[in-house]
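In what follows, a structure is listed as structure tokens, so that the remarks can point back to it.
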Amino acid sequence: MTKKMTISSIKKTKGVRPLVMITAYDALFAKLLEPSSDMILVGDSLNMSFAGKADTLSATLEQMLYHTNAVCNGAQNSFVVCDMPFGTYVSKEEALKNCIRVFQETSADCVKIEGGADKAEIIAHLTSNGIAVCGHIGLLPQSVRSEGGYKVKGKTEEEHIQLIKDAKAVEGAGAFCMVIEGVKAEVASEVARSVNIPVIGIGAGSGVDGQVLVFSDMLGLFEEFTPKFVKKYLDGAALVKEAIQNYADEVKSREFPQEIHTY
Ligand code: KIV
């Protein structure tokens, strides 16, 4: 059994080795990912790949609590991150109330909050009240409607400077690590170098302190679209479809069930 990561052991990986983070939404996959990952993220991306919605915005706190419990049940030896959904951390008070629910109703180890310097006050309120926070800067999926799409960040000098400010503000507010999403690789590396906590990238190149991918993307299960930064480690959709077709064919031909499947 691998040793469960802690906030302290996660921080100590900085400059030593890259962190491995993968999303999971249920106990079944969480158990499969557990042996190879440092941290499991119950991402609000579940609203797309699990619930079939167009973006993450309609994910609810109830949904996140349900799926976080499922993941914690399946991977009891994993460090679990619960993504706070859109609209649940608009003020310090709301954020604390909702994060306390996550800590009381699940065994998640921390929450994840999207936003940089603009969310520093909220993150500081959470961390000073016993909530461990993983930040999330760069491309923020919860801002997809207000920004009119998923826009890669760090392309201009202004964005570059802002990203460094965001990372420093998130660290200063007490976050123990952060995700950086959809950022030009050279800028993301500089952001990682500008702080003392691990910066875990998704679509942010290889110069950061770890990588996170959505499990259904990296297993080739999500067919709607494949972002440029995703590497498919399995052609999951094709394999699943083939298996289901084989089952259907065998049911129709009465090849299944055989003697060994029969009482
Ligand atoms: O919701 C999610 O899966 C995420 C990752 C894209 C980092 O936030």
Side-chain angles (χ1 to χ4, degrees), residues 10 18-26 29-30 33 37-61 63-68 70-71 75 78-89 99 102 106 108-116 119 123 133-145 147 149-153 163 166-167 170 175-183 188 191-192 197-205 208-219 221-222 224-232:
I10 288 167
L19 283 163
V20 179
M21 187 195 257
I22 318 179
T23 70
Y25 315 132
D26 60 40
F29 271 96
L33 307 181
S37 53
D38 293 310
M39 302 164 86
I40 298 183
L41 168 64
V42 188
D44 60 357
S45 53
L46 62 80
N47 208 42
M48 298 158 85
S49 54
F50 192 89
K53 301 277 174 57
D55 57 37
T56 61
L57 274 74
S58 57
T60 63
L61 184 58
Q63 251 178 296
M64 298 312 297
L65 292 168
Y66 175 85
H67 288 279
T68 301
V71 167
S78 287
F79 188 98
V80 175
V81 184
C82 171
D83 223 354
M84 293 308 288
F86 180 66
T88 60
Y89 51 96
C99 291
V102 172
T106 79
D109 297 280
C110 76
V111 298
K112 179 164 79 60
I113 300 276
E114 287 188 15
K119 290 289 178 302
I123 295 173
V133 176
C134 166
H136 184 151
I137 64 168
L139 184 159
L140 306 179
Q142 291 177 9
S143 302
V144 61
R145 294 191 205 166
E147 293 212 342
Y150 296 103
K151 307 267 166 63
V152 172
K153 297 286 154 79
L163 281 161
D166 285 339
V170 167
F176 71 96
C177 74
M178 73 189 84
V179 165
I180 187 166
E181 178 165 359
V183 168
V191 168
I197 57 174
V199 176
I200 304 168
I202 175 162
V208 287
D209 306 309
Q211 297 292 328
V212 51
L213 280 179
V214 171
F215 86 96
S216 42
D217 287 341
M218 51 105 63
L219 295 180
L221 292 164
F222 187 65
E224 273 62 28
F225 61 88
T226 307
K228 178 181 164 67
F229 59 80
V230 170
K231 178 171 177 183
K232 284 190 183 179

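Each ligand, and each atom within it, is numbered from 1 in the order the structure gives.
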Partner residues of Lys153 under the side chain to side chain donor-acceptor pair (under 3.5 Å) criterion, sequence neighbours left out: Glu147
Centroid-centroid distance, Phe229 to Tyr150, less than 6.0 Å: no
Any donor-acceptor pair under 3.5 Å from Asn47 side chain to Asp55 backbone: yes
Under 3.5 Å: donor-acceptor pair, side chain of Asp209, backbone of Val199: yes
N or O contacts of ligand 1 with protein under 3.5 Å, please list pair by pair.
from     : atom 1 : to     : atom 2 : distance (Å)
ligand 1 : 1 (O)  : Asp44  : N      : 3.1
ligand 1 : 1 (O)  : Asp44  : OD1    : 3.0
ligand 1 : 1 (O)  : Ser45  : N      : 3.0
ligand 1 : 1 (O)  : Ser45  : OG     : 3.3
ligand 1 : 1 (O)  : Asp83  : OD2    : 3.1
ligand 1 : 3 (O)  : Ser45  : OG     : 2.5
ligand 1 : 8 (O)  : Lys112 : NZ     : 2.9

Under the side chain to side chain donor-acceptor pair (under 3.5 Å) test, residues paired with Gln211 that sit two or more places apart: none
Partner set under side-chain contact (heavy atoms from CB on, under 4.5 Å) for Asp166, not counting sequence neighbours: Ala117, Ile137, Gln162
